Number of protein chains: 2
Amino acid sequence: MITNKRDDVLEAALLLFAERGFDGTTIPMIADKAKVGAGTIYRYFENKEALFNTLFQYWVTRLSEIVKDNFPSDLTNIRLHHRHIFFQIIQFVNHNEHALHFIDSHCSTHYLDEKSQKLFADFLEFLRSILEKGKEQGDICSLPADALIAIVYGAIVQLFKLMRMNILEETPELLVNIEECCWNAIKAH
Amino acid sequence: MITNKRDDVLEAALLLFAERGFDGTTIPMIADKAKVGAGTIYRYFENKEALFNTLFQYWVTRLSEIVKDNFPSDLTNIRLHHRHIFFQIIQFVNHNEHALHFIDSHCSTHYLDEKSQKLFADFLEFLRSILEKGKEQGDICSLPADALIAIVYGAIVQLFKLMRMNILEETPELLVNIEECCWNAIKAH
DNA sequence: CTTTTAGGAATGAATATTCATTCCGCATAT
DNA sequence: ATATGCGGAATGAATATTCATTCCTAAAAG
């Protein structure tokens, strides 16, 4: 199989950044895991920060795409929207178990560049717009959209942390129940 | 005002560790912020890791105490338990706005020593025991206790991240509503 | 078909920088 | 005068980055 060195580097970096954070990950560590010389990394990326931002932008774009993909055509059924978003994020995590934690643990750090920040802000803005519509319709409880996002998104992130640590086993049934819990948290009562 | 250098160091370290993480925080940074010579830190702590673990243990102990303090005497009213735990955590955050994020962002890192890990595990075990009781009584939805903790605790952590970043303003009314949301997420329906 | 050769890719040792930790001289208190 | 606490320059280890060299591939020449 022909593997592309640049991709090998990105894959190794994702694992390490997710597990040890930006500052806890060294270039030699990445080179080792990618089975590549340390110098090779600098053929593809200007420096450690540029590598980091490339990776961040890639995964935020993916997440954004997967959530927006096949978005329910019925624009008034918020219950459906919530289910869609929830299970698309699940699919995202199942596609790469480290990416969500990588994004979450670095989304407000000081080495994010302009473009990374903008991509992430845009994604949040999308979620916000969905929730605002739900609030207008009276289907969702009338708290600030950011608070609602924090509740659902915070729960998801924390749950997958447990699953990555093998403390909690992911089963389809559990996921359905958890989605229900999240919905109960934010629906209008 | 007589200030204790050791406490100055601990306070500065808390801020920096919370904002930049363990690896992103250097000893000179801590010394600067604490207005102390770098060498002085080593009069009080064996090394950076020891300083970190002292701090972690201090704050987990505080959190645990504040949550267990004045725990409702009615041992069957889970609704009350939830409210108590929620608002005691709020009080903890208001006492020091960085401590919860400091704990959360470091609670599964590899430089935690045995004692730190045990203290944190004990705290989780306490929460777990409350939830298990609620499940037995049929007041709380029958998912794994760890999942329920993740939902509520994840939401709280994320919410305070927004408040620290001044994206969300903390008002008593908002907090009451959010507590309600969290309860709705985990109560039996 | 084999050999030569040019140019890009890859390497890892060398360099420059940053960081944790140590150490020594100064100041303050006893 | 001695002891104690402190600061911050000095040290050495770890780290990011560079660079001279080697390695591959694929096309040109024989």
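Chain A is the first sequence line, chain B the second, and so forth, proteins listed ahead of strands; every chain is numbered from 1. Given the structure is predicted, the values throughout are model-derived calculations rather than measurements.
Atom OH in B:Y111 sits roughly 16 Å away from atom C1' in C:dA20 (whole-Å rounding). In this structure, CG of B:D32 is placed 12 Å from C1' of D:dG7, rounded to the nearest angstrom. Regarding B:E49, its CD atom lies at a distance of 17 Å from the P atom of C:dC19, rounded to whole Å. Per the geometry, NZ belonging to B:K48 stands 12 Å off C1' belonging to C:dT21, to the nearest Å. Atom OH in B:Y42 sits roughly 15 Å away from atom P in D:dG7 (whole-Å rounding). Straight-line distance from the OH atom of A:Y44 to the C1' atom of C:dA10: 8 Å, rounded to whole Å. Rounded to whole Å, atom C1' of D:dT17 lies 19 Å from atom CZ of A:F52. Protein atom CG of B:L51 is 10 Å distant from nucleotide atom P of C:dT21, rounded to whole Å.
Listed nucleotides: D:dG7, D:dT17, C:dT11. Nearest to the side chain of A:I27: D:dT17. Checked against D:dA16, C:dT21, C:dA9, the side chain of A:P28 finds its nearest nucleotide in D:dA16. Nearest to the side-chain atoms of A:R43 among the listed nucleotides D:dT17, C:dT11, C:dA20 stands C:dT11. Of all nucleotides listed (D:dT15, D:dT17, C:dT21), D:dT15 comes nearest to the side chain of A:T26.
Nucleic acid contact class of A:T40 (heavy atoms, under 4.0 Å, all strands): base. A:F45 comes within 4.0 angstrom of no nucleic acid atom, judged by non-hydrogen atoms across all strands.
Note on A:K5: a side-chain N or O is less than 4.0 Å away from OP1 or OP2 of C:dT11.
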Going through the checks in order, is the ring pair (Phe, Tyr, Trp, His ring centres under 6.0 Å) test met by B:F17 and B:H98? CA-CA 9 Å; B:F17 284 147; B:H98 297 282; over 10 Å; no
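The main-chain N or O of A:T25 is found under 3.5 Å from a side-chain atom of A:K48 such that the two form a donor-acceptor pair.
A distance of 9.0 Å separates NZ in B:K35 from CG in B:D8, rounded to the nearest 0.5 Å. In this structure, CG in B:L63 is found 10.0 Å from CH2 in B:W59, a value given to the nearest 0.5 Å.
A:D139 has no carboxylate O lying under 4.0 Å from a charged side-chain N of A:K187, or vice versa, which leaves the two without a salt bridge.
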